[in-house]
2 protein chains.
Amino acid sequence: MTDPAAARRDEILASAAELFARKGIKATTVREIGDAVGVQSGSLYYHFDSKDTMAREILMDFLAAIQDRYAMALAQASDAADALRQLILASLQLTREKPHATTIYQNELAYLREDPRFKEVQAASAEVRRAWLDVIERGAAEGTFRADVSPKVFHRLVRDAVWLSGRWHHAEDDYCAERLADDITSIFLHGFAARPAS
Amino acid sequence: MTDPAAARRDEILASAAELFARKGIKATTVREIGDAVGVQSGSLYYHFDSKDTMAREILMDFLAAIQDRYAMALAQASDAADALRQLILASLQLTREKPHATTIYQNELAYLREDPRFKEVQAASAEVRRAWLDVIERGAAEGTFRADVSPKVFHRLVRDAVWLSGRWHHAEDDYCAERLADDITSIFLHGFAARPAS
DNA sequence: GTCTATATTGAGATAGAC
DNA sequence: GTCTATCTCAATATAGAC
């Protein structure tokens, strides 16, 4: 953990992640990564085989974190609606903890799908999708959720709204991840239309 | 319109848009664009100054189309809820008509913001945002929409869900843009929770 | 208008000194 | 472990023939 070599690796990955998120993997040069870390570009190759290896490591670390967090979230959920809220909250916490990885994942996943070197990323990503669909389909079967909208369509709408929120949500004191999770859950479950006083 | 030179330009832009959407602007090479059109890469420079010029033209054409369509949509809307539905429907129709431009816009806008050569794209994009916010704020003021969720937050959630749907929605006979617009409007206004029989 | 050929730059990656 | 220097290749863009 306090291994200095590992610390350097992490530092490089942190700088690379920020640049990959902002400009895209392809548009980021290894020289820029070196500048951000404060070393020459050649030195990066002592720690990593290639630029793509850095990207793979950032994404796999992110996906592993998602799977961990979802497992914890689902373990403590009572019903389908609560499980949905837990998935939303867990995802928002992850976007806050790993904002750059979130952005890279969102922006480049479709493209990376075409690249066989990123096959493991695809597989992990399919499992994440499964977690959402299980919750949504369970809720639909129980009658908690509407039956007239396809679970797949609903899943994609929530997923995009949740993950993309990392692009614009930068936690302030008065609008934290918990508050945003409440708002998103509330809108997706009960809608934005004003409701007659109950 | 039937000017053959202009037709060639359009053909090049269509191929470029598809590649830009799939791989990103930076990751797409002019050779690939040439291959897709069926000409040598050098020949592209008879029609365009640079690869970036192609990207700018694709995006500006897209933004002009949005502004046109939103103006028409809003002109025929009755109340705020209807206006919201019209904006959603208009956007979905645009994603269907210009799927590649939609994807490029979504994936690369944040990055292009940093590039002064794309300043006009930013300005047009700010106007589009204004159209959404006007409708949402009007609805909130009228009491049609909830007052406990920020218009800006709601705007971003709808916007991301709507535009991103172009990534996964490929109109089939039984699930057309109108149907998807209804589902999205319905979920965002009334929620996904099953409602007691009314 | 498109081709072939090529100038030129920029980027990923490597080698060897320190 | 990092630096300097550089190799190598790929990509944008240009020039001139047809």
Side-chain angles (χ1 to χ4, degrees), chain A residues 1-59 100 104 107-108 111-112 114-118 121, chain B residues 1-59 104 107-108 111-112 114-118:
Chain A
M1 277 302 175
T2 46
D3 175 7
R8 193 51 144 175
R9 274 179 69 89
D10 290 349
E11 199 182 347
I12 293 168
L13 288 180
S15 290
E18 203 222 305
L19 288 160
F20 290 163
R22 206 171 77 225
K23 319 183 43 159
I25 295 170
K26 184 81 187 193
T28 299
T29 70
V30 293
R31 286 178 177 77
E32 288 173 311
I33 299 172
D35 286 351
V37 179
V39 299
Q40 291 296 319
S41 62
S43 308
L44 300 172
Y45 289 84
Y46 173 81
H47 300 277
F48 297 94
D49 283 351
S50 69
K51 190 174 76 166
D52 281 353
T53 303
M54 299 180 204
R56 254 201 311 279
E57 208 158 308
I58 291 166
L59 286 169
H100 305 314
I104 300 166
N107 287 348
E108 318 233 15
Y111 171 38
L112 298 180
E114 297 180 15
D115 189 331
R117 286 175 306 178
F118 286 85
V121 173
Chain B
M1 277 302 175
T2 45
D3 175 7
R8 192 51 141 175
R9 273 178 71 89
D10 289 349
E11 199 182 347
I12 293 168
L13 288 179
S15 289
E18 202 221 305
L19 287 160
F20 290 163
R22 205 170 79 225
K23 319 183 43 158
I25 295 170
K26 184 80 186 193
T28 300
T29 70
V30 292
R31 286 188 232 283
E32 288 172 312
I33 299 172
D35 286 351
V37 179
V39 300
Q40 291 296 317
S41 63
S43 306
L44 300 172
Y45 289 83
Y46 173 81
H47 300 278
F48 297 95
D49 282 352
S50 69
K51 191 174 74 166
D52 280 353
T53 303
M54 297 180 206
R56 254 199 314 278
E57 208 158 309
I58 290 165
L59 286 169
I104 299 166
N107 287 348
E108 319 233 13
Y111 171 39
L112 298 180
E114 297 180 14
D115 189 331
R117 286 175 305 178
F118 286 85

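Below, read A as the first sequence line, B as the second, and so on, with proteins coming before strands; counting in each chain starts at 1.
- A/Gln40 meets the side-chain hydrogen bond (donor to acceptor under 3.5 Å, both in side chains) test with no other residue; sequence neighbours excluded.
- For B/Asp115, the side-chain contact (heavy atoms from CB on, under 4.5 Å) partners are B/Arg117, B/Phe118, not counting sequence neighbours.
- For the pair B/Asp35 CG and D/dA10 C1', the interatomic distance rounds to 14 Å; values are reported in whole Å.
- A 4.5 Å side-chain heavy-atom check between B/Glu108 and B/Leu59 finds every atom pair outside the cut-off.
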Extract from the structure each pairing of a protein N or O with an N or O of nucleotides 10-13 of chain C at less than 3.5 Å, listing the distance.
{"residue": "C/dG12", "atom": "OP1", "partner": "A/Thr28", "partner atom": "O", "Å": "3.3"}
{"residue": "C/dG12", "atom": "OP1", "partner": "A/Lys51", "partner atom": "NZ", "Å": "2.8"}
{"residue": "C/dG12", "atom": "OP2", "partner": "A/Val30", "partner atom": "N", "Å": "2.8"}
{"residue": "C/dG12", "atom": "N7", "partner": "A/Arg31", "partner atom": "NH1", "Å": "3.2"}
{"residue": "C/dG12", "atom": "O6", "partner": "A/Arg31", "partner atom": "NH2", "Å": "3.0"}
{"residue": "C/dA13", "atom": "OP2", "partner": "A/Tyr45", "partner atom": "OH", "Å": "2.9"}
{"residue": "C/dA13", "atom": "OP2", "partner": "A/Lys51", "partner atom": "N", "Å": "3.1"}

Worked verdict on B/Phe20 versus B/Lys51 for side chain to side chain contact (heavy atoms under 4.5 Å, CB included) = CA-CA 10 Å; B/Phe20 290 163; B/Lys51 191 174 74 166; 3.9 Å; yes
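- Rounding to the nearest 0.5 angstrom, the gap separating the CG atom in A/Leu44 from the CG atom in A/Asp49 is 12.5 Å.
- Within the structure, salt bridge (charged side-chain N to carboxylate O under 4.0 Å, His left out) contacts touching residues 16-31 of chain B (residues at least two apart or in different chains) are A/Glu114-B/Arg22, B/Glu18-B/Arg22, B/Lys23-B/Glu32.
- Side-chain contact between A/Tyr46 and A/Arg8 is absent, with no heavy atoms from C-beta onward closer than 4.5 Å.
- In this structure, CG of B/Leu44 is placed 9 Å from P of C/dT2, rounded to the nearest angstrom.
- By the side-chain contact (heavy atoms from CB on, under 4.5 Å) test, A/Ala21 is found to be paired with A/His100, A/Thr103, A/Ile104, residues two or more places apart in sequence or in another chain being considered.
- In terms of phosphate contacts, A/Tyr46 brings no side-chain nitrogen or oxygen within less than 4.0 Å of OP1 or OP2 of D/dT2.
- Rounded to a whole Å, the CZ atom of A/Phe48 is 15 Å from the C1' atom of D/dT2.
- Under 4.0 angstrom from either OP1 or OP2 of C/dT2 there lies no side-chain N or O belonging to B/Gln40.
- With D/dC3, D/dG1, C/dT2 as the choices, the nucleotide that has an atom nearest any side-chain atom of A/Ser43 turns out to be D/dC3.
- B/His47 places its NE2 atom 15 Å from the P atom of D/dT14, with the value rounded to the nearest Å.
- Note that OG1 of A/Thr29 and CG of A/Asp35 are 7.5 Å apart. Values are rounded to the nearest 0.5 Å.
- Within residues 13-22 of chain A, no residue has any heavy atom under 4.0 Å from DNA chain D.
- One can place CD1 of A/Ile12 at 10 Å from C1' of D/dG1, the figure rounded to the nearest angstrom.
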